[in-house]
Amino acid sequence: MEYTCLLITFFAIAILGFVFVVFFEAYKRRNNHQHIEVPAIFEDPSSLKQVPCPHIVDPATKYISLIIPAFNEEHRLPGALDETMNYLQQRTLKDPSFTYEVIIIDDGSTDDTKRVAFEFVRKYTVDKVRIILLGRNHGKGEAIRKGMLHSRGELLLMLDADGATKVTDLEKLENQIQAVAKSEYHQGDSSNTDPRFRISDIPVAVFGSRAHLEEKAIATRKWYRNFLMKGFHLVVLLAAGPGIRDTQCGFKMFTRAAARKLFSNVHLKRWCFDVEVVFLCKRFKIPISEVSVNWSEIPGSKVNLLSIPNMLWELVLMSVGYRTGMWRISNST
């Protein structure tokens, strides 16, 4: 009997301790959506002059911005950037009104990622390719947030540095975002000629999805990996609600208005910021669509089994932060 009481007391203390840690960590991150201390500066490597840094609240001056977070990507980044720049240049040749920028966010890399990225700036000019240096590693979520907040596009596409999704698939997301934006504007096809219609002003989000590949992935993954993934998807469902089958695909497109609302409020800095974006879309009533994309496994992924507990921890913090009101949502943007 005495042993049972001790056991119950131990578990009660452990649970109370866990709850305290959760609330304490959520409270510490209540201001995570504010700018990190490192200022966003673009540098022209040819002249070594600093380039004025735009902000998401400024009017768009490009049609599309491609935001690429990079942490120790010296080997995978060159191939992905070559493919991306070739596509963008070809599209510009076909349509001179198509303007773009590629923003690479170096998230505290300790290899030659910075040198590789600056080679592309020198080749294509700082107007086409820009680099934000975060100094130290903050996490993928913070890197993408920084890129989004300092982009110039009407449309903003986040994509991974490994090139796992073909850049040409952005047209699938672009077509979907155009269709949804026109529908939201309540003008149908007439919005093509309506001078008041600006896609950058209509909040819309479109997510690339690998859900159509899941059946094959389940057949090839180890049973424990499938178990962990199913558990993670269940927690995501509880934290962000239903509607999106693949929250973690790194290929997502937003209109400028949507990005302004979402990335001014994101608190999570690492892997689960995607889930928080889904949560915020629902809070802001921003339409979300999923579009199937071509995806292939690229060696060198930063995600492993040890990432799952960290992701679950972030989801717990997110749920507690928003449900207790410690994480506030700004509607002023």
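Asn137 pairs by the side chain to side chain donor-acceptor pair (under 3.5 Å) definition with Asp107, Arg270, not counting sequence neighbours. For Tyr322, the ring-ring contact (aromatic ring centres under 6.0 Å, His included) criterion is met by His267, Phe279, Trp327, not counting sequence neighbours. Considering only residues two or more places apart in sequence or on other chains, Thr110 meets the side chain to side chain contact (heavy atoms under 4.5 Å, CB included) condition with Asn72. Judged as a side chain to side chain contact (heavy atoms under 4.5 Å, CB included), and not counting sequence neighbours, Asn175 has no contacts. Partners of Phe98 under the ring-ring contact (aromatic ring centres under 6.0 Å, His included) rule, at least two apart in sequence or in another chain, are Tyr63. Among residues two or more places apart in sequence or in another chain, the side chain to side chain donor-acceptor pair (under 3.5 Å) test is passed with Arg283 by none.
A heavy-atom distance below 4.5 Å is not found between the side chains of Lys261 and Leu280. Contact annotation: the side chain of Ser151 approaches that of Arg256 to within less than 4.5 Å [non-hydrogen atoms, C-beta and beyond]. Between Asp274 and Phe207 the shortest side-chain heavy-atom distance does not fall below 4.5 Å. The shortest distance between side-chain heavy atoms of Val167 and Leu66 falls below 4.5 Å. Looking at heavy atoms from C-beta onward, Tyr100 lies in side-chain contact with Met85 at the 4.5 angstrom threshold. Within the 4.5 Å cutoff, the side chain of Asn294 has heavy atoms near those of the Lys172 side chain. Using a 4.5 Å heavy-atom cutoff, the side chains of Met148 and Ile56 are not in contact.
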Problem set entry | Pair Phe254-Val277, side chain to side chain contact (heavy atoms under 4.5 Å, CB included): steps then yes or no | CA-CA 11 Å; Phe254 308 88; Val277 167; 3.9 Å; yes
For this session: Evaluate the criterion side chain to side chain contact (heavy atoms under 4.5 Å, CB included) for residue pair Met253 and Ile64; output intermediate values, then yes/no.
Result: CA-CA 10 Å; Met253 184 178 287; Ile64 191 167; 4.0 Å; yes
Problem set entry | Check against salt bridge (charged side-chain N to carboxylate O under 4.0 Å, His left out), Arg115 and Glu119 | CA-CA 6 Å; Arg115 177 187 59 79; Glu119 287 177 0; 2.7 Å; yes
Problem set entry | CA sep, side-chain torsions, deciding dist, call: Lys140, Glu314, salt bridge (charged side-chain N to carboxylate O under 4.0 Å, His left out) | CA-CA 13 Å; Lys140 181 181 179 181; Glu314 285 194 332; over 6 Å; no
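For the residue pair Pro203 and Pro287, the shortest heavy atom distance occurs at O-CD, 3.2 Å. Heavy atoms only, all atoms of each residue included: Leu262 and Phe284 are closest at CD2-CD1, 4.3 Å.
Within the 3.5 Å criterion, the main-chain N or O of Arg91 finds no donor-acceptor partner in the side chain of Asp95. A donor-acceptor contact shorter than 3.5 Å is absent between the side chain of His55 and the backbone of His150. Listed for the Thr113 side chain is a donor-acceptor partner under 3.5 Å among the backbone atoms of Glu73. In terms of modelled atom types and a separation under 3.5 Å, the side chain of Ser264 and the main chain of Arg260 share a donor-acceptor contact. Thr255 places a side-chain N or O within donor-acceptor distance of the main-chain N or O of Val204, the cut-off being under 3.5 Å.
Note that CD1 of Ile105 and CD1 of Ile103 are 6.5 Å apart. Values are rounded to the nearest 0.5 Å. With rounding to the nearest 0.5 angstrom, the OG1 atom of Thr61 is 9.5 Å from the CD atom of Glu154. If you take CD on Gln90 and CG on Leu93, they are separated by 5.5 Å, rounding to the nearest 0.5 Å. With rounding to the nearest 0.5 Å, the separation of NZ in Lys252 from OG1 in Thr165 is 9.5 Å. With rounding to the nearest 0.5 angstrom, the CG atom of Asn265 is 8.5 Å from the CD atom of Glu276. Rounding to the nearest 0.5 Å places CG of Leu159 at 12.5 Å from NZ of Lys166.
At a threshold of 4.0 Å, the pair Lys62-Asp127 counts as salt-bridged, since one of the basic side-chain nitrogens sits closer than that to a carboxylate oxygen. With salt bridges taken as basic N to acidic carboxylate O contacts below 4.0 Å, one links Glu142 and Arg145. The existence of a salt bridge linking Asp160 and Arg76 is excluded, since no basic side-chain nitrogen approaches an acidic carboxylate oxygen closer than 4.0 Å. For the pair Lys94 and Glu171, the salt-bridge criterion is not met [side-chain N within less than 4.0 Å of a carboxylate O].
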